Amino acid sequence: MTERSSVRQAEKSDNDSFFCRVYDVTCMIPRGRITSYGAIARYLGTAGAARMVGWALNSSHSSERFIPAHRVVNRNGMLTGKHHFGNASTMQQLLENEGFTVIDDTVLEFGERFWDPSLEL
DNA sequence: GGTGTGACAATGG
DNA sequence: GCCATTGCCACAC
């Protein structure tokens, strides 16, 4: 009996998918904040599935809800998935609009504006 | 049902 | 200190 099973039983909805959780957490990211794939994965209980988080966001376009995936970067603060926004500059523009400074596909404010769902949520 | 993959993360040389 | 390799876990084929 794991924590996950209880949650899964409580939800018992289509949201039981790992993807939906990633979408939910990503939407919870406060404006002006930023997090990493590993932080989200760890919050979900799958610390080693950081890659899955990225993959889930890759399918975020399939979600009816807008997913601020631009607030999610790798541990280095690098915009590794900017190419998946359609235009490579879209993700950077969104981050700059949030008040971030993006240089060389890397968020300089990453260390300061880092938001950990496991700590904040 | 097994194999491959994937927007990462951590470790080793 | 930088580059290369391995591990990880859930989904698609």
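By convention in this document, chain letters (A, B, ...) are assigned in the order of the sequence lines, proteins followed by strands, and residues within each chain are numbered from 1. Basis for what follows: all heavy atoms, side chains included, without hydrogens, waters or symmetry-related copies. This is a predicted model, so every value here is computed, not measured.
- For A/N76 and B/dA7, the CG to C1' distance is 13 Å, given to the nearest whole Å.
- Distance alone, capped at 3.5 Å, is enough to place a donor-acceptor pair between the A/N74 side chain and the A/N76 backbone.
- Proximity note for A/R75 (side chain, C-beta onward) versus C/dC9, B/dA9, B/dG4: the nearest is B/dA9.
- For the side chain to side chain contact (heavy atoms under 4.5 Å, CB included) with A/M91, the lone residue among A/V102, A/V73, A/V72 that qualifies is A/V73.
- The cluster map of Ile, Leu, Val, Met, Phe, Trp and Tyr, joined by side-chain heavy atoms under 4.5 Å apart, puts A/F85 and A/I103 in different clusters.
- Contact annotation for A/S36: backbone-only contact, meaning every heavy-atom pair under 4.0 Å involves sugar-phosphate atoms and none involves a base.
- Clustering ILVMFWY residues whenever any of their side-chain heavy atoms sit less than 4.5 angstrom apart, transitively, puts A/I34 in a cluster other than the one holding A/V25.
- Straight-line distance from the OH atom of A/Y37 to the C1' atom of B/dT5: 16 Å, rounded to whole Å.
- A/S17 has no side-chain polar atom (N or O) that falls below the 4.0 Å cut-off from OP1 or OP2 of C/dA10.
- In this structure, A/W55 and A/V73 both approach DNA chain B, and ranking their closest nucleotides by distance from the 5' end singles out A/W55.
- When distances run from any side-chain atom of A/A50 to the nucleotides B/dA7, C/dA10, B/dA9, the shortest one goes to B/dA9.
- Across all strands, A/N58 comes closer than 4.0 Å to base atoms (heavy-atom distances).
- One atom, NE2 of A/H61, and another, C1' of C/dC11, lie 13 Å apart when rounded to the nearest Å.
- Whole-Å rounding puts the A/F18 CZ to B/dT5 P distance at 20 Å.
- No path of Ile, Leu, Val, Met, Phe, Trp and Tyr side chains, each step under 4.5 Å between heavy atoms, connects A/L95 with A/L57, placing them in separate hydrophobic clusters.
- With hydrogens and angles ignored, a donor-acceptor pair closer than 3.5 Å exists between the side chain of A/R51 and the base of C/dC8.
- Rounded to whole angstrom, the span from the CD1 atom of A/I34 across to the P atom of B/dC8 amounts to 14 Å.
- The residue A/A69 sits close to a base: some heavy atom pair falls under 4.0 Å.
- Look at CE on A/M52: it is 8 Å from P on C/dA10, rounded to the nearest Å.
- What separates CZ of A/R42 from P of C/dC9 is a distance of 15 Å, to the nearest Å.
- A/I40 places its CD1 atom 15 Å from the C1' atom of B/dG6, with the value rounded to the nearest Å.
- Each of A/G48 and A/F19 was assigned the nucleotide of DNA chain C with the nearest heavy atom; the assignment lying further toward the 5' end belongs to A/G48.
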